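Quick caveat, the model's predicted, so the values are computed rather than measured.
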Amino acid sequence: MVEAHGHASRSDRSAFTSSLTAAERAFDREDSNIPSWLTYLDGAYMSAKTAHCFRDLGDHKRAADLALQSLDMSDGYDRGRTFNLCLLASSLADDDPHEAVRVGEQALELAHGVESKRTGAYLRDVRARLAKHDSLPDVAEFRQRVMA
C-alpha cells in the first residue's frame, strides 16, 4: 500500500494500479498467523490508505467515497478518526466546500482531545484546500478556527 501511495504521489496511474492490486490481494489473503500488532490493519484502514491515493491522483469522488468507508472503524481510535475525517473533508473541498466544512468541523472538535502534530498537519491541509472558497462565510470561519 505504501508503494501504491508513492506511485499516486508521482501521478503514475499505471504503477499505482499495479501496486494497489497487489496490496488488495495481500489484504484479502486468508492468514491465521497475523501478529496482534497488525490487527489495526482492517478494511477501514485500507479504505483510508486507498482514499489518500485517489485524492493525490485528483479523483476526488472516489477518494471521498473511500474516505467515507474509512469512518466505519472501531471505536476508541479518536486520532485515526480525526485523520479520516480530515481526509474526507480534503476530498470534498473542491466539489462541495460546505460539506467539507461540515466534516472538517467534526474533525476539529475531535482534535481538541487528541495530542498529535499530524492531526494539526491534516487540519492545515483541509484549510489550504479550502482557500479558493474563502469568499464563502462558513469556509472563511472554518479556516480561521483551524488557524487559531
Undergrad: Just wondering, do M1 and C53 contact through their side chains at under 4.5 Å, heavy atoms?
TA: yes
Undergrad: Nearest heavy-atom pair of A48 and N84: which atoms, and what distance?
TA: CB-OD1, 3.5 Å
Undergrad: Hey, which of L71, L85, V101, L88 is the one that makes side chain to side chain contact (heavy atoms under 4.5 Å, CB included) with Q106?
TA: L85
Undergrad: Where do A51 and A67 come nearest, in terms of heavy atoms and distance?
TA: CB-N, 3.7 Å
Undergrad: Salt-bridged, R102 to E105, with N to O below 4.0 Å?
TA: no
Undergrad: Locate the shortest heavy-atom distance separating S11 from L57; write the atom from each residue and the value.
TA: CA-CD2, 3.9 Å
Undergrad: Are there over 12 heavy-atom neighbours, none belonging to E99, within less than 6.0 Å of that residue's CD?
TA: yes
Undergrad: Of R55, K61, K132, which is the lone residue that meets side-chain hydrogen bond (donor to acceptor under 3.5 Å, both in side chains) with D94?
TA: K132
Undergrad: For H112 and L108, which heavy atoms make the closest approach, and how far apart are they?
TA: CD2-O, 3.1 Å
Undergrad: Tell me whether the rings of H52 and Y122 are parallel (<30°), tilted (30 to 60°) or perpendicular (>60°).
TA: perpendicular
Undergrad: On a heavy-atom basis, which atom in G80 and which in M73 lie closest, and how many Å separate them?
TA: C-CE, 3.8 Å
Undergrad: Where is the tightest heavy-atom contact between F16 and A4, given as atom of each residue plus distance?
TA: CD1-O, 3.4 Å
